[in-house]
Amino acid sequence: MDMQKIGNFLSELRKDKNLTQEELGEQIGVTNKTVSRWENGNYLPPVEMLQILSKFYDVGINEILNGEHLDEKRYKENAEEYIVADLMKKQKEAKRRIAVSIVVAVITILASLSIILLSTMLSAPMRVRIVCIAISFIIIILGIGVCCVLTVDAGVYECPVCGQKFVPSIKDFIGGVHTFTKRKLKCPKCGKKSFCKKRWS
């Protein structure tokens with residue numbers, strides 16, 4: 001993505017409407033400094049502003065992001081490129097969340113085992129040992145909860161019966177028997193409960 005090219009294109013679109021940066025800013029609800037930053041290629045307008053600019057200038061968001069007017073063929077090609085880029089970004093984010101959940105799981109297990117071992121080695125009263133074991137179980141439950149929240153929507157699950165891809169609810173996710181790549185879930189489309197395979201997109 002060429003930020004300078006995008007900035008120049010935004011500047012051209014504004015000038016075509018015979019507007020100053022200040023006048024444009026007043027019409028779309030931003031300061032002239034913000035408009036200047038966009039047009040200098042220092043910042044990319046956020047998604048909501050891209051939508052506003054797209055309507056205001058009567059151009060596609062793809063054209064803004066490409067920094068030029070596109071014919072129909074190139075518009076479709078660019079749309080596909082952005083879709084692929086978005087899918088890859090989501091896949092990367094899903095894998096990152098899985099990695100974080102693995103780290104959380106390892107820390108949870110190590111912390112719980114440490115507390116249990118420490119409580120058995122201490123010559124403390126039985127009450128203290130019971131409290132230590134209870135704390136370790138609380139840590140395990142919290143760790144499992146964090147891992148579930150991180151991974152429930154990291155990717156999707158595919159029903160082997162009808163091929164439907166879906167994100168399960170937290171309740172079904174936690175309650176589903178699972179292996180590393182499959183989880184027993186109820187498909188929202190066909191209603192069958194089966195081992196659904198994890199897919200990244």
Side-chain angles (χ1 to χ4, degrees), residues 1-107 143 145-158 163-170 173 181 188-189 196-201:
M1 198 178 292
D2 189 335
M3 297 286 286
Q4 198 62 51
K5 191 177 177 184
I6 292 168
N8 291 339
F9 185 58
L10 288 171
S11 178
E12 286 170 22
L13 291 169
R14 174 180 57 78
K15 287 171 184 172
D16 287 345
K17 282 193 171 274
N18 295 313
L19 294 170
T20 64
Q21 290 180 342
E22 192 170 350
E23 288 169 338
L24 173 64
E26 285 173 7
Q27 292 201 39
I28 63 171
V30 296
T31 65
N32 62 320
K33 285 183 181 178
T34 300
V35 174
S36 176
R37 288 186 188 118
W38 295 341
E39 293 183 359
N40 289 333
N42 295 329
Y43 293 97
L44 182 69
V47 176
E48 61 274 8
M49 291 313 302
L50 283 172
Q51 291 172 325
I52 290 168
L53 289 167
S54 171
K55 286 178 185 173
F56 187 81
Y57 290 134
D58 194 27
V59 294
I61 291 174
N62 275 348
E63 291 177 292
I64 294 173
L65 294 175
N66 202 57
E68 62 184 343
H69 291 288
L70 302 170
D71 59 33
E72 193 175 336
K73 184 184 174 188
R74 287 195 61 211
Y75 192 89
K76 285 179 181 176
E77 286 172 358
N78 268 36
E80 287 177 5
E81 282 177 24
Y82 286 118
I83 289 166
V84 169
D86 186 53
L87 288 171
M88 288 177 74
K89 185 180 175 184
K90 284 179 181 173
Q91 185 174 341
K92 191 175 177 182
E93 173 64 16
K95 287 181 177 179
R96 189 188 68 80
R97 289 173 74 176
I98 295 285
V100 170
S101 74
I102 289 168
V103 171
V104 169
V106 169
I107 291 170
V146 169
C147 289
C148 287
V149 168
L150 283 169
T151 59
V152 68
D153 59 353
V156 294
Y157 285 88
E158 184 177 24
Q164 173 75 15
K165 290 181 181 178
F166 64 97
V167 175
S169 67
I170 285 278
F173 185 82
T181 57
K189 186 179 179 184
C196 302
K197 192 162 187 177
K198 181 85 168 175
R199 300 283 185 199
W200 295 112
S201 59

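Interatomic distance, L19 CG to I28 CD1, rounded to the nearest 0.5 Å: 10.0 Å. Rounded to the nearest 0.5 Å, atoms CG (L53) and CG (D58) are 12.5 Å apart. A distance of 9.5 Å separates CD1 of I98 from SG of C147, quoted to the nearest 0.5 Å. Annotation: the span from K17 atom NZ to Y57 atom OH amounts to 8.0 Å, rounded to 0.5 Å. Between atom CD of residue E39 and atom CG of residue L24 there is a gap of 7.0 Å, rounded to the nearest 0.5 Å. Remark: N42 CG to S36 OG distance equals 7.5 Å, nearest 0.5 Å.
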>> Does D2 form a side chain to side chain donor-acceptor pair (under 3.5 Å) with Q4? I'd like the steps, not just the answer.
In response: CA-CA 6 Å; D2 189 335; Q4 198 62 51; over 6 Å; no
> Checking side chain to side chain contact (heavy atoms under 4.5 Å, CB included) for the pair W38/V30: CA distance, chi angles, key distance, verdict?
Replying inline: CA-CA 11 Å; W38 295 341; V30 296; 4.1 Å; yes
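Counting heavy atoms of neighbouring residues, nucleotides and ligands inside a 6.0 Å radius, atom NZ of K5 exceeds 12 of them.
Residues forming a side chain to side chain donor-acceptor pair (under 3.5 Å) with R37 (at least two apart in sequence, or on another chain): none. Residues satisfying the side chain to side chain donor-acceptor pair (under 3.5 Å) criterion with S101, sequence neighbours excluded, are absent altogether. Shown here are the side-chain contact (heavy atoms from CB on, under 4.5 Å) partners of K197, two or more places apart in sequence or in another chain: K182, R199. Scanning for side-chain contact (heavy atoms from CB on, under 4.5 Å) contacts around I170 gives V149, V152, I174, with sequence neighbours left out. Residues satisfying the ring pair (Phe, Tyr, Trp, His ring centres under 6.0 Å) test with F9, not counting sequence neighbours, are H69.
At distances below 3.5 Å, not a single donor-acceptor pair connects side-chain atoms of E26 with backbone N or O atoms of E23. In this structure a side-chain-to-backbone donor-acceptor pair under 3.5 Å is missing from N66 to N62. Between the S54 side chain and the V59 main chain, a donor and an acceptor come within less than 3.5 Å of each other.
Within the 4.5 Å cutoff, side-chain heavy atoms of T34 are placed close to those of T31. Between K198 and Y157, the closest side-chain pair of non-hydrogen atoms falls below 4.5 Å.
Under 3.5 Å, the side chains of Q164 and E158 contain no donor-acceptor pair of N or O atoms.
Under the 4.0 Å criterion applied to side-chain N and carboxylate O atoms, E93 and R96 are assigned as salt-bridge partners.
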For residues 43-52, please give each side-chain donor-acceptor pair under 3.5 Å, one per line with the distance, not counting sequence neighbours.
none

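Across C196 and F166, no two heavy atoms sit closer than the pair SG-CZ, 4.0 Å.
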